[in-house]
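Report on the following structure.
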Amino acid sequence: MLTTRPRGTNDILPGEVEKWQYIEEIARQVSGQFGYHEIRTPLFEHTELFLRGVGETTDIVEKEMYSFEDRGKRNITLRPEGTASTVRAFLENKLYANPQPTKLFYIGPMFRYDRPQAGRYRQFHQFGIEVFGSHHPSVDAEVIGLACEYLERLGLNQLKVHINTVGCPKCRPQYREALIKYFQDKKDILCKTCLGRLEKNPLRILDCKNTQCQELSLNAPTIQNSTCSECQIHFQQVQNYLDSVGIEYIVNPKLVRGLDYYTHTAFEILVQGIGAQSAICGGGRYNGLIEQCGGKPTPGIGFAMGMERLLLTLELQGISLIANYNNPEIYIATVGEETEQLAFRLAMQLRKKGISVEKDYLDKSLKAQMKTADRLNVKYTLIIGEEEFEKNQVTIRNMATSQQNKIPISDIISYIERSLRGK
Ligand code: HAM
């Protein structure tokens, strides 16, 4: 136990971390260019927020939340997603008082008690965006466009954007009824979970992974026959905006999404080959959520990407990220106790100048230290042997050319700055 991490969690080790930094950096870059600002909310919230915000009939709330009572007897939940928290922060901090819309993005860990498998974890990371305060269909297209631009910038291909409209409170009840009517006399074929969903949330049956339920869903009525004209017009306008910038998509009438808050546009970006967990991005409009969480009626829309799935897909598509492994520029090799103290001081002084330095900490032989310098791929190695120490000198070895010079200790900092930075 002591040396095993909890199921469904990952250590992100040096070498791998650089890839994360890279995909996070591009996320920040693209979000900034689209006018989104970063928000950081707590990793845990009052459980009530997710019951209200995510929806009591969702898989997340029914079986996937990490909830506990804290020492003050408050019901707390590790955030399973970012939308509800962002809405809470928008209301609590009165961001609605600023000029609207509010455009936010976040990057961070989420927690769901899911069954772990490739691409599905109990602690995973999302890059998400949320826009509050605009009904405009161009915002729907912008949000989808941002997701596509990000994935494209990372070099991903073979992605499929699925879009649908899931209706609004005006037309959804009619669709609900149509679905209940359709599934009612097929009750004995539905799986146990869907049987429970039939009255509470029949739309979720369309999303079931059980093959029998999926077969039944094939002929189920689609929302297109029930949507009101307002929803139809909005959905058509979103498509027009997407067409105008050449973003390809598939209208998928069976796309319903697993969270209750969606209205109008819902979308997912799917990728082939990463197994059952093919959605790397999911999102949509949620025009009722802010009001449901206690705010004034305010429209909202956003998406979240699974960063682990993103990295899996990048690897699968053979896209190597420039793993900018932070190799030191300088290695200081020493022989003897006194020289080690000098090495310590030099390392600290060089680092103060913004130069990355590594040294020996294990009293290794000079040969072993030179091997380490080689492995670390440093530009220069400083060698301080007994002779150098006595003469107040340092030998500096250019690792690319193997050329060596002896430099007075008093000059070494400026010499290195000149050699590395041309200063
Ligand atoms: P979601 O579809 O639940 O939506 O999650 C979005 C993405 O997070 C998924 O497409 C997937 O890539 C990733 N993901 C979800 N669960 C896991 C898991 N257990 N392990 C690894 N990756 C996972 C939301 O979370 C909404 N809040 C998105 C949204 C934002 N809608 C509007 N605004």
Side-chain angles (χ1 to χ4, degrees), residues 17-41 81-83 85-87 89-90 93 95-96 98-110 125-163 237-249 264-271 279-286 298-311 313-314 317 319-324:
V17 162
E18 288 74 11
K19 295 180 189 166
W20 282 81
Q21 289 170 343
Y22 177 74
I23 61 171
E24 287 166 7
E25 187 188 311
I26 304 293
R28 291 198 163 84
Q29 195 184 79
V30 177
S31 302
Q33 286 162 357
F34 277 70
Y36 290 72
H37 298 278
E38 183 167 355
I39 184 165
R40 300 186 187 193
T41 61
E81 58 103 53
T83 310
S85 308
T86 311
V87 166
F90 173 75
N93 299 288
L95 300 185
Y96 48 78
N98 299 333
Q100 296 300 305
T102 299
K103 295 165 70 172
L104 301 166
F105 77 92
Y106 48 86
I107 300 172
M110 309 290 162
H125 296 75
Q126 285 185 343
F127 154 44
I129 69 160
E130 313 292 347
V131 186
F132 304 134
S134 172
H135 285 282
H136 206 284
S138 71
V139 177
D140 306 42
E142 181 182 284
V143 164
I144 296 171
L146 194 162
C148 293
E149 176 61 30
Y150 174 60
L151 297 171
E152 208 171 283
R153 232 176 260 193
L154 291 177
L156 284 174
N157 45 55
Q158 293 162 29
L159 303 167
K160 296 235 176 328
V161 181
H162 286 221
I163 62 171
Q237 285 172 331
V238 173
Q239 292 175 61
N240 294 347
Y241 276 108
L242 291 173
D243 292 341
S244 74
V245 286
I247 293 174
E248 289 178 19
Y249 56 86
H264 297 281
T265 317
F267 69 96
E268 278 182 357
I269 303 182
L270 307 178
V271 52
I280 52 174
C281 177
R285 219 172 231 294
Y286 44 84
T298 311
I301 177 166
F303 71 67
M305 303 232 177
M307 304 294 262
E308 284 81 0
R309 290 187 196 175
L310 205 61
L311 284 166
T313 313
L314 284 162
Q317 296 194 357
I319 300 163
S320 62
L321 302 175
I322 325 118
N324 201 357

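Values below: every heavy atom of this structure, side chains too, minus hydrogens, waters and symmetry copies. Given the structure is predicted, the values throughout are model-derived calculations rather than measurements.
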Problem set entry | Gln33 CD: over 12 foreign heavy atoms closer than 6.0 Å |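 Check passes, neighbour count above 12.
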Flag the pair [X] / [Y] as yes when at least one side-chain heavy-atom distance between them is below 4.5 Å, and no otherwise.
| X | Y | result |
| --- | --- | --- |
| Leu311 | Tyr22 | no |
| Ser31 | Glu38 | no |
| Leu151 | Ile280 | yes |
| His125 | Glu24 | no |
| Val139 | Lys103 | no |
| Tyr241 | Ile144 | no |
| Leu310 | Leu156 | yes |

Over all heavy atoms of both residues, which pair between [X] and [Y] is shortest? Give the atoms and the distance, please.
| X | Y | result |
| --- | --- | --- |
| Gly82 | Gln126 | N-OE1, 4.0 Å |
| Phe105 | Ile129 | CB-CG2, 3.7 Å |
| Ala89 | Leu95 | O-CG, 4.3 Å |
| Ala147 | Ile269 | CB-CD1, 3.8 Å |
| Ile247 | Cys148 | CG2-SG, 4.0 Å |
| Phe267 | Val143 | CZ-CG1, 3.9 Å |

Measuring from atom [atom1] of [X] to atom [atom2] of [Y], what distance do you get when rounded to the nearest 0.5 angstrom?
| X | Y | atom1 | atom2 | answer |
| --- | --- | --- | --- | --- |
| Phe34 | Glu142 | CZ | CD | 6.5 Å |
| Leu104 | Ile39 | CG | CD1 | 5.0 Å |
| Ile301 | Tyr286 | CD1 | OH | 8.0 Å |
| Ser85 | Arg40 | OG | CZ | 15.0 Å |
| Met110 | Met307 | CE | CE | 10.5 Å |
| Cys281 | Arg309 | SG | CZ | 11.0 Å |

For this session: Decide yes or no on side chain to side chain contact (heavy atoms under 4.5 Å, CB included) for Ile319 and Leu154, but give the supporting numbers first.
Result: CA-CA 8 Å; Ile319 300 163; Leu154 291 177; over 6 Å; no
Exercise. Would you say Gln237's side chain and Ser138's backbone share a donor-acceptor pair under 3.5 angstrom?
Worked result: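 No, the answer is negative, given that no donor and acceptor are paired below the 3.5 Å cut-off.
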Exercise. Which residues satisfy the side chain to side chain donor-acceptor pair (under 3.5 Å) test with Thr265, sequence neighbours excluded?
Worked result: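 With sequence neighbours excluded, Thr265 shows a side chain to side chain donor-acceptor pair (under 3.5 Å) to Asp140, given in chain and number order.
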Problem set entry | Pairing residues for Thr83 by the side chain to side chain donor-acceptor pair (under 3.5 Å) criterion, not counting sequence neighbours |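 With neighbours one apart ignored, the set is Glu81, Glu130, Tyr261.
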Problem set entry | Results of ring pair (Phe, Tyr, Trp, His ring centres under 6.0 Å) for His162 - residues two or more places apart only |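 Expected list: none.
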Problem set entry | Check against ring-ring contact (aromatic ring centres under 6.0 Å, His included), Tyr150 and Phe127 | CA-CA 11 Å; Tyr150 174 60; Phe127 154 44; 5.0 Å; yes
Exercise. So Phe132 and Phe90, would you call those rings parallel, tilted or perpendicular, with 30° and 60° as cut-offs?
Worked result: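 Ring orientation of Phe132 relative to Phe90: tilted.
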Exercise. After noting the C-alpha distance and the side-chain angles of Trp20 and Glu308, does the key distance pass the side chain to side chain contact (heavy atoms under 4.5 Å, CB included) rule?
Worked result: CA-CA 9 Å; Trp20 282 81; Glu308 284 81 0; 3.4 Å; yes
Problem set entry | Chi angles and distances behind the side chain to side chain contact (heavy atoms under 4.5 Å, CB included) call for Leu242, Val161 | CA-CA 11 Å; Leu242 291 173; Val161 181; 6.0 Å; no
For this session: Would you check if there is a donor-acceptor pair between the side chains of His136 and Ser134 at a distance under 3.5 Å?
Result: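 No, His136 and Ser134 have no side-chain donor paired with an acceptor closer than 3.5 Å.
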For this session: Using distance alone, with no hydrogens and no angle criterion, decide if Gln100 and Thr102 have a side-chain donor and acceptor under 3.5 Å apart.
Result: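 Judged by distance alone, the side chains do pair up.
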Problem set entry | Steps toward side chain to side chain contact (heavy atoms under 4.5 Å, CB included) verdict (His135, His264) | CA-CA 10 Å; His135 285 282; His264 297 281; over 6 Å; no
